[in-house]
Amino acid sequence: MAIELYNDGQHQCLAFTDLVAGDGVQANQFLLIDGAHEALLDPGGDLTFTALSMEIGKHIDIRKLDYLIASHQDPDIIASLSSWVSRTDARIVCSKLWARFLPHLLPGYMGQQVSSRVQALEDGGADIPFGDSIIKAVPAHFLHSVGNFQFYDPVSKILFSGDMGASIVEEGADQPVEDFEAHVPMMEGFHKRYMCSNKACRLWANMVRGMDIDMIVPQHGRSFKGPEMIGKFLDWISTLECGVDLLTQDNYKVP
Ligand SMILES: [Fe+2]
Ligand SMILES: [Fe+2]
């Protein structure tokens with residue numbers, strides 16, 4: 001079922017939080033609509049393709065989808081590429097670091113016809129034209145992928161933050177965080193391992209503090225809504241030691 005994150009009649013942001021079945025890690029997928037234009041963010045893998053296409057088919061004509069946008073290259077982000085490519089004419093947007101690997105997700109006969117549909121983002125990001133608005137691709141490299149983008153919607157003021165801020169929750173992924181301290185254990189292990197370093201987290205948080213944001217909505221688990229909760233998350237991630245910060249020689253011993 002779609003969760004309405006924002007709707008002013010012309011512009012909508014929908015989240016799908018309950019489509020992963022079985023052993024897959026819970027993941028959120030997002031549909032942005034501006035008038036007659038639509039963008040699908042981080043649609044996921046084959047695991048969610050059928051359920052997601054049925055759900056978004058309640059809101060749009062899938063064949064007319066404008067964009068398939070991928071924050072990075074992971075299976076839970078874009079492994080369903082071939083299914084979307086064969087059923088839509090959507091442009092595919094991702095980092096230039098991953099654009100050249102996309103053909104590996106497609107049968108050979110599809111590769112060439114798809115290459116003309118790929119918009120490869122430079123490291124600095126871009127404003128992607130979207131209906132009467134834009135979707136801003138914001139750099140978040142090394143958080144966790146080497147070529148990683150987040151997507152900011154200036155109408156709803158939502159930052160779709162990919163794996164940054166992700167939490168592993170049993171239930172409640174459709175609800176914003178209410179008790180930050182109680183939520184930390186759902187995020188801590190993931191960020192310590194999947195985020196590259198405190199330096200990357202801190203620089204990212206500095207950038208985000210300067211943005212006009214009402215919600216940070218990650219690709220797993222619960223969102224952060226309002227200045228107090230967003231501030232708590234940015235303070236936490238700014239001081240977290242993670243990734244290479246935690247490495248010692250013990251991590252590199254021949255087994
Ligand atoms: Fe990921
Ligand atoms: Fe993920």
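Just so you know, ligand 1 is whichever comes first in the structure, and atom 1 is the first atom listed for that ligand.
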Exercise for review: Could you tell me whether E4 atom CD has more than 12 heavy atoms of other residues or ligands within 6.0 Å of it?
Suggested key: yes

Practice item. Drop me the distance from D66's CG to L40's CG, to the nearest 0.5 angstrom. Key: 11.5 Å

Review point. Are more than 12 heavy atoms from other residues, nucleotides or ligands located less than 6.0 Å from atom CD of Q10?
Key: yes

Practice item. Assign the ring pair F101 / W98 to parallel, tilted or perpendicular, where the plane angle (0 to 90°) is split at 30° and 60°. Key: tilted

Check your understanding: Roughly how far apart are N7 CG and Q12 CD, rounded to 0.5 Å?
Key -> 4.0 Å

Practice item. Spell out the protein N/O/S atoms under 2.8 Å from the Fe ion (ligand 1) as residue plus atom name. Key: H72 NE2, D74 OD2, H144 NE2, D163 OD2

Review point. Would D235 and R209 pass as an ion pair if we require N to O under 4.0 Å?
Key: yes

